[in-house]
Amino acid sequence: MDGVLYMKLLKATKTAFTELFKAHDEFFYYCTLVTTGEGNCPYISAWSWQALKNYMDQEHISKDEIVDYKWSYADSPYCAYGWEHFKEVEEYVLANKPKNIDDAEDWFSWENALLDTMEVVMSTLDEQGVFGMGARRKCMLVNAEVMPPDYTNTLRALRLNDKEDIKVWLQEAAEGVAGYIEGHTEG
C-alpha cells in the first residue's frame, strides 16, 4: 500500500463523507469510494433512502425499475460529493500512475495498489465510526469500487461488511463470485 496516497485519500474521503452527512440528515444505505478501470483519482458516492425516493419521483421511475438505480454510484445526487477535497489526491494519482498503459504489469500493479488503498481507507473510516455504529451501520453497504464493476467489488464488499447485512446488495448488484459468496463466512 502506498502510504502517501493512503494519508491523502483518507483525509479527503473523511472530509467529504463527514460534510455529506452533516449537510444531509438522511438515512444513507450505500457509501462507496469509486475509481475507474483507468486507475484515476477516486471520489465518493452515496445513496440515502430519501434521495432515492426523490430521484424515483422526479424521473418517474417505477418500483420495478428501482434496482437499476439504487446501487448506481453514477445516478446518485451525491456522486463526487466533496470533489474539491480530492485535489491533492488527484495530483498525486496523476503524478504516480503509469504513463504507459501498454505495460500491463505496471498498470495492474498500480490499479491493485489503488484499490487496496481505497479499501483500507474505507475500513479505517468505518473503524472510526464515520459510517455510524450499531443498527445504523448494519443497514449500510460500505465499499471501495472500480467501474465498470467487476467481481473484485464484491470481494471488497464482503471484507468491509458483514455478509448478513448486505444480503440485498449481494442479490441485486454483486458481480460474479457466487461460489465465493456461498463459502464466505468472515465479515
Side-chain angles (χ1 to χ4, degrees), residues 1-2 5-6 8-10 12-17 20 28-48 51-52 55-56 59 61 65-104 106-126 130-131 140-161 166 168-178 180-181:
M1 182 177 66
D2 183 324
L5 176 60
Y6 169 77
K8 291 178 182 300
L9 189 56
L10 180 68
T13 306
K14 183 174 187 175
T15 302
F17 274 120
L20 172 64
F28 286 87
Y29 66 87
Y30 170 71
C31 292
T32 191
L33 189 56
V34 182
T35 189
T36 64
E38 292 82 27
N40 291 322
C41 182
Y43 50 90
I44 73 165
S45 188
W47 271 110
S48 70
L52 181 61
Y55 184 81
M56 302 302 282
E59 300 297 322
I61 297 168
E65 298 171 300
I66 195 169
V67 74
D68 296 333
Y69 299 92
K70 79 182 210 185
W71 304 111
S72 170
Y73 79 97
D75 290 306
S76 169
Y78 305 125
C79 181
Y81 191 94
W83 175 249
E84 65 275 11
H85 302 297
F86 289 82
K87 181 81 172 147
E88 284 185 32
V89 178
E90 183 178 35
E91 290 169 359
Y92 186 84
V93 166
L94 288 172
N96 289 280
K97 79 177 190 175
K99 307 300 182 238
N100 183 2
I101 195 166
D102 294 329
D103 187 341
D106 281 350
W107 189 256
F108 288 122
S109 178
W110 166 257
E111 185 178 40
N112 288 334
L114 177 61
L115 288 166
D116 289 348
T117 302
M118 290 167 54
E119 180 179 348
V120 173
V121 163
M122 294 300 278
S123 179
T124 301
L125 295 178
D126 194 18
V130 170
F131 302 112
M140 181 185 299
L141 171 80
V142 171
N143 209 0
E145 299 177 278
V146 62
M147 295 299 160
D150 67 23
Y151 75 96
T152 66
N153 290 348
T154 304
L155 298 178
R156 283 186 294 279
L158 288 165
R159 290 190 295 263
L160 288 166
N161 301 274
I166 62 169
V168 172
W169 181 84
L170 289 169
Q171 293 170 350
E172 295 177 346
E175 296 291 329
V177 289
Y180 183 84
I181 292 170

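Not counting sequence neighbours, Thr35 has no partner by the side-chain hydrogen bond (donor to acceptor under 3.5 Å, both in side chains) test. When the side-chain hydrogen bond (donor to acceptor under 3.5 Å, both in side chains) test is applied to Asn143, no partner is found at least two apart in sequence or on another chain. Glu111 meets the side-chain hydrogen bond (donor to acceptor under 3.5 Å, both in side chains) test with no other residue; sequence neighbours excluded. For the side-chain hydrogen bond (donor to acceptor under 3.5 Å, both in side chains) test, residues two or more places apart in sequence or in another chain that qualify with Tyr92 are Asp2.
If you take CE on Met140 and CG on Leu160, they are separated by 13.0 Å, rounding to the nearest 0.5 Å. Taken to the nearest 0.5 Å, the CH2 atom of Trp169 stands 4.0 Å off from the OG1 atom of Thr154.
Under the salt bridge (charged side-chain N to carboxylate O under 4.0 Å, His left out) criterion, no residue pair touches residues 142-158, with sequence neighbours excluded. Screening residues 112-122 for salt bridge (charged side-chain N to carboxylate O under 4.0 Å, His left out) gives Glu119-Arg159 as the qualifying pairs, with residues at least two apart or on separate chains.
Note on ring orientation: taking the six-membered ring where Trp is involved, the planes of Tyr78 and Tyr81 are perpendicular (angle over 60°, cut-offs 30° and 60°). The aromatic rings of Trp47 and Tyr55 sit perpendicular, their planes meeting at an angle over 60°, well past the 30° parallel limit.
No side-chain donor-acceptor contact under 3.5 Å links Lys70 to the backbone of Tyr30. The closest donor-acceptor contact from the side chain of Ser45 to the backbone of Thr32 lies at 3.5 Å or more, if one exists at all. Side-chain atoms of Trp71 do not come within 3.5 Å of backbone N or O of Glu172 as any donor-acceptor pair. Ser76 contributes a side-chain N or O that, together with a main-chain N or O of Ala46, makes up a donor-acceptor pair within less than 3.5 Å. A donor-acceptor pair is defined here as one N or O able to donate and one able to accept, closer than 3.5 Å; such a pair exists between the side chain of Lys99 and the backbone of Lys97. At distances below 3.5 Å, not a single donor-acceptor pair connects side-chain atoms of Trp107 with backbone N or O atoms of Pro98.
Proximity of the aromatic rings of Phe17 and Phe131 is defined here by a centroid distance below 6.0 angstrom, and this criterion is met.
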